[in-house]
Amino acid sequence: MDLLERIKDAGVIGAGGAGFPTHVKLASKADYILMNAAECEPLSRADQAIMAQHPDELVKGFKIAKDVANADHGIIGIKGSHPELIQLIRERITANGLDGDMEVGILPDIYPAGDEHVIVHELTGRVVPETAIPIAAGCIVINAETSYNCYRASEGKPVTEKFCSVVGDVPNRFTALVPVGTPVETMLKMAGVTDFSNIGVIDGGPMMGRPMKEIGGSVKKNSKAYVVLKKDHRHFRRKSISLEAARRVDKTSCEQCRMCTDLCPRHLLGHNLQPHMSMRVMNYNLKSIQLKETAQLCSSCGLCEYFSCPIGLYPKSANDVLKAELMEQGVKYKPTKTEFKALAMRPNRLIPSKRLIARLGLTPFNKPAPFIEIPESEIPEVKIMIRQNVGAAPEVIVAVGDHVEAGQMIGKIPEGKLSAPIHASISGTVTDISPEYITIRRG
Ligand code: SF4
Ligand code: SF4
């Protein structure tokens, strides 16, 4: 079986984003393949743990991905704020005889350094056009853990484990490699949470993560972190606001200062994204489709909403509303040019991670989340989400009562569809299959 087939069979998907199937991404020919080891979201520590724990698998997996994509250059993007990891990865590149294949590229400690468009520009100087993905600029971007999973796939090992952190306002912050499907509640208990009544949990990072309405669900192949805050923490309250409430606040207060636009990472790359215009459209109920369309260029990084706006308004949410409206109408933004150039003032408008963390009120929690080993007995049951990838849900191929071995495929790619298979992450018995989850009891 060739390497691309192995990666496909192993169910490798983007380990840090929406979960795009990696075998599809690597099927393009690229000039550059870039590893996103930026650990972009505040407080998150999973990528740092992979680099520290598995540097050899990481660089070998990146070489495999580079070969599969037939890329000319490989660059591993790590923030300059992690000199010890930069040194370690450079040593392991040399020790594995990969100096001719890849190098470490130093990223600034800014948010959002891991945004695909931003990392392409920082590491190659190129600009990905509006509405396009990095391959339009000759680049493929994969996450650090995706590289690690490509290595494991080459050894015939499917994706059954996930590096994940529990951070924030908890007694014991930690990062661990846990079976896919580990219940979120189990993760929180391991962090020392005993009273669930007053905590809010963000699934993902503080910026792009989703505030959980109720604590449930389980670790997915693209989970990175669970951020725990008190329910009345300002950032948790802001993240939990409904679109309708955000719209009401926006309408009464926007002063069109355009700070949201001036600091927008995509605007700074020369894209025609102007969140202050989205606010104007919303506030004055403007009908112009052209003014609305630019909202579709928004990456939802959240910088305008949680950092830039001096009076705490919700321009990202305005974009979300407009995007939903346009999707319903079947309207798609069409770029009016093909060449894009970053704005000259961009270097002076980058937002240091530390300033962002302070603005979010998270400085007291910006502390290490040490890597720990978790005994099997702590995770007696897993709930494996069926649809974890972009595209079609895999087709379930087990039944309640079946005994499955760890690594066994339990959901396959439907014929002719963009999808990724799922595998049992522990050995045991299938005890339940719902439209969303397959539950396996260890033993
Ligand atoms: S949303 Fe905030 S930053 Fe943007 S224009 Fe309005 S007041 Fe200024
Ligand atoms: S969320 Fe705001 S800052 Fe981020 S890309 Fe969208 S408009 Fe720009």
Side-chain angles (χ1 to χ4, degrees), residues 17-18 38 40-42 110-122 127-134 141 202 204-211 234-235 238-239 241 243 245-286 291-327 333 335 340 342-343 345-346 348-353 355-357 359-360:
C40 182
E41 279 276 4
I110 56 159
Y111 182 84
D115 172 282
E116 285 199 330
H117 288 224
V118 173
I119 201 168
V120 164
H121 185 64
E122 289 294 339
V127 176
V128 181
E130 288 173 344
T131 70
I133 57 174
V141 183
I202 301 170
M207 294 298 280
M208 295 186 74
R210 180 182 57 87
R234 179 177 180 270
H235 186 59
R238 277 181 59 76
K239 282 212 70 106
I241 193 168
L243 281 179
R247 202 172 173 167
R248 272 200 307 276
V249 178
D250 287 348
K251 265 197 171 167
T252 53
S253 317
C254 178
E255 58 204 36
Q256 288 288 290
C257 70
R258 63 166 285 155
M259 277 293 275
C260 48
T261 294
D262 288 344
L263 298 180
C264 168
R266 294 288 174 100
H267 178 77
L268 291 172
L269 287 172
H271 292 191
N272 186 23
L273 172 57
Q274 302 183 62
H276 77 284
M277 290 304 291
S278 299
M279 295 292 276
R280 195 181 298 175
V281 168
M282 293 281 292
N283 295 351
Y284 297 100
N285 207 13
L286 303 181
L291 289 177
K292 289 181 183 179
E293 276 176 346
T294 56
Q296 293 179 327
L297 303 175
C298 171
S299 68
S300 299
C301 76
L303 200 66
C304 52
E305 193 149 304
Y306 304 125
F307 183 87
S308 312
C309 180
I311 51 173
L313 301 185
Y314 300 90
K316 178 195 84 78
S317 300
N319 283 338
D320 289 343
V321 171
L322 294 177
K323 280 195 256 186
E325 209 177 283
L326 293 168
M327 189 187 274
Y333 175 86
F340 292 87
L343 305 192
M345 73 279 277
R346 180 176 182 271
N348 305 319
R349 292 194 179 165
L350 302 175
I351 305 304
S353 301
R355 276 186 60 204
L356 173 65
I357 291 170
R359 180 71 59 89
L360 300 178

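Remember, it's 1-based here, ligands and their atoms both numbered in the order they're listed.
Within the 4.5 Å cutoff, no side-chain heavy atoms of C309 are placed close to those of M259.
Looking at atom 6 (Fe) of ligand 1, its nearest protein heavy atom turns out to be C254 SG, 2.3 Å. For atom 7 (S) of ligand 1, the closest non-hydrogen atom of the protein is E255 N, 3.6 Å. Summary of contacts: the protein heavy atom closest to atom 2 (Fe) of ligand 1 is C309 SG, 2.4 Å.
To the nearest 0.5 Å, atom CG of residue L286 and atom CZ of residue R280 are 8.0 Å apart. Within the model, atoms CZ of R355 and CG of L360 stand 12.0 Å from one another, a figure rounded to the nearest 0.5 Å. One finds the OG atom of S299 at 5.5 Å from the CE atom of M208 (value rounded to the nearest 0.5 Å). Between the CD1 atom in I241 and the CZ atom in R247 there is a gap of 13.0 Å [rounded to 0.5 Å]. Rounded to the nearest 0.5 angstrom, I311 CD1 and C257 SG are separated by 7.0 Å.
Those atoms of ligand 1 with a heavy atom of R258 less than 4.0 angstrom away are 5 (S), 8 (Fe). Ligand 2 places these atoms under 4.0 Å from at least one heavy atom of G302: 1 (S), 4 (Fe). Short contacts between ligand 1 and Q256, defined as distances under 4.0 Å to a heavy atom of the residue, involve ligand atoms 5 (S), 6 (Fe). Atoms of ligand 1 lying under 4.0 Å from at least one heavy atom of M279, given by number and element, are 1 (S). Within ligand 1, counting atoms from 1 as listed, the ones closer than 4.0 Å to a heavy atom of H276 are 5 (S).
For atom 6 (Fe) of ligand 1, the set of nearby N, O or S atoms under 2.8 Å includes none belonging to C257.
Remark: side-chain polar atoms of K316 are not paired, donor with acceptor, to backbone N or O of C298 under 3.5 angstrom. Formation of a donor-acceptor pair under 3.5 Å by the H271 side chain with backbone atoms of V128 is found in this model.
Judged purely by distance below 3.5 Å, without hydrogens or angles, the side chains of R238 and Y314 pair a donor atom with an acceptor atom.
Ion pairing between a basic and an acidic side chain is recognised when a charged N comes within 4.0 Å of a carboxylate O; E305 and R359 show no such pairing.
Between P310 and ligand 1 there is a heavy-atom distance shorter than 4.0 Å.
With sequence neighbours left out, Q274 forms a side-chain contact (heavy atoms from CB on, under 4.5 Å) with R258, T261, H267, N272, H276, M277.
Take a cut-off of 2.8 Å around atom 8 (Fe) of ligand 2: the protein N, O or S atoms inside it are C264 SG.
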